[in-house]
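These notes are about the structure you will find just below.
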Amino acid sequence: DAKTTQPPSMDCAEGRAANLPCNHSTISGNEYVYWYRQIHSQGPQYIIHGLKNNETNEMASLIITEDRKSSTLILPHATLRDTAVYYCIVRVGNQGGKLIFGQGTELSVKP
Amino acid sequence: NAGVMQNPRHLVRRRGQEARLRCSPMKGHSHVYWYRQLPEEGLKFMVYLQKENIIDESGMPKERFSAEFPKEGPSILRIQQVVRGDSAAYFCASSPSVGTSGGPKHEQYFGPGTRLTVT
């Protein structure tokens with residue numbers, strides 16, 4: 001599975017959009033981009049995934065660049081409850097198997 | 001639809017005792033994963049199981065740790081002769097059947113974890 005690079009920490013004002021970047025320059029054609037988050041002391045939570053098209057669900061939007069070497073997770077209106085560590089994970093799509101968590105980005109949403 | 005259930009939520013064991021951690025996957029999910037999070041560290045994969053089969057145990061320590069997912073009942077992670085270094089949060093995740101085409105069907109849903117403390 002391709003390696004990902006994320007900034008270690010970010011701040012965001014409550015009510016503003018949080019844009020979390022992820023670099024995955026060695027991504028292969030059959031690898032998807034997944035995002036999870038872990039709120040302090042809780043189990044990780046699946047957010048969204050995509051292959052090459054932009055995706056949106058009730059939690060977030062995922063923007064993947066045309067060359068697929070990077071992506072951005074967007075929380076459109078961050079709340080204090082979105083404070084968490086966000087993990088970008090790249091892996092082959094249609095198979096089961098382990099998730100490899102990196103260090104992630106610690107997002108702090110401030111009032 | 002109930003989420004992934006783990007019990008106990010907190011477990012205290014003395015060095016040398018055995019720890020048994022249980023995980024009930026979401027209804028309809030037949031794939032179970034175990035992860036460990038040591039204090040102030042990231043999540044590390046341990047083992048991936050389907051009903052009655054271990055698919056990938058590449059993250060399991062070679063000794064004292066074992067896992068099973070029987071035909072009936074929850075998945076069990078068993079740690080024999082615990083040591084202080086085993087103190088961690090252990091998370092279980094489950095996923096639905098793996099898709100063979102048309103895109104992934106295997107986002108993993110995590111339980112609340114079991115916090116093991118070895119004294």
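The structure displayed is predicted, hence computed values, not measured ones. Chain A is the first sequence line, chain B the second, and so forth, proteins listed ahead of strands; every chain is numbered from 1. These values consider heavy atoms only, across backbone and side chains, with no hydrogens, waters or symmetry-generated copies.
Note on B:Leu116 and B:Val47: same hydrophobic cluster, where clusters join Ile, Leu, Val, Met, Phe, Trp and Tyr whose side-chain heavy atoms are under 4.5 Å apart, directly or indirectly. B:Tyr90 and B:Ile54 fall within a single hydrophobic cluster, where Ile, Leu, Val, Met, Phe, Trp and Tyr are joined by side-chain heavy atoms under 4.5 Å apart, directly or via other members. Cluster membership for B:Val118 and B:Trp34, using ILVMFWY side-chain heavy atoms within less than 4.5 angstrom, is shared.
Around CD of A:Glu106, the count of heavy atoms belonging to other residues, nucleotides or ligands within 6.0 Å does not exceed 12. Atom CD of B:Gln80 has more than 12 heavy atoms from other residues, nucleotides or ligands within 6.0 Å. Counting non-hydrogen atoms of neighbouring residues, nucleotides and ligands closer than 6.0 angstrom, the CE atom of B:Met60 exceeds 12 such neighbours. Summarising the local packing, NZ of A:Lys69 is surrounded by 12 or fewer heavy atoms from other residues, nucleotides or ligands at distances under 6.0 Å.
If you take CZ on A:Phe101 and CZ on B:Phe45, they are separated by 11.5 Å, rounding to the nearest 0.5 Å. Taking CG of B:Leu43 as the start and CD1 of A:Ile100 as the end, the distance is 12.5 Å to the nearest 0.5 Å.
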Next on the checklist: side chain to side chain contact (heavy atoms under 4.5 Å, CB included), that's the test. Do B:Phe91 and A:Gln42 meet it? Break it down for me.
Outcome noted: CA-CA 9 Å; B:Phe91 293 99; A:Gln42 298 183 20; over 6 Å; no
Checklist entry - Do A:Lys98 and B:Tyr48 pass the side chain to side chain contact (heavy atoms under 4.5 Å, CB included) test, and can you show the C-alpha distance, the side-chain angles, and the key distance before you say yes or no? => result CA-CA 7 Å; A:Lys98 59 190 174 188; B:Tyr48 165 31; 5.9 Å; no
Next on the checklist: If you apply the rule side chain to side chain contact (heavy atoms under 4.5 Å, CB included), what do you find for A:Leu99 with B:Phe110, and how did you get there?
Outcome noted: CA-CA 12 Å; A:Leu99 293 170; B:Phe110 284 78; 4.2 Å; yes
Next on the checklist: side chain to side chain contact (heavy atoms under 4.5 Å, CB included), that's the test. Do B:Glu107 and A:Tyr36 meet it? Break it down for me.
Outcome noted: CA-CA 10 Å; B:Glu107 56 266 26; A:Tyr36 284 78; 4.1 Å; yes
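At a 4.5 Å heavy-atom cutoff, the contact between B:Gln37 and chain A is made by side-chain atoms alone. Contact of B:Ile55 with chain A is not made at all, since no heavy-atom distance falls under 4.5 Å. Neither the backbone nor the side chain of A:Gln103 comes within contact range of chain B; no heavy atom of the residue lies under 4.5 Å from a heavy atom of that chain.
You'll find the side chain of B:Gln108 stays beyond 4.5 Å of the side chain of A:Pro44, heavy atoms only.
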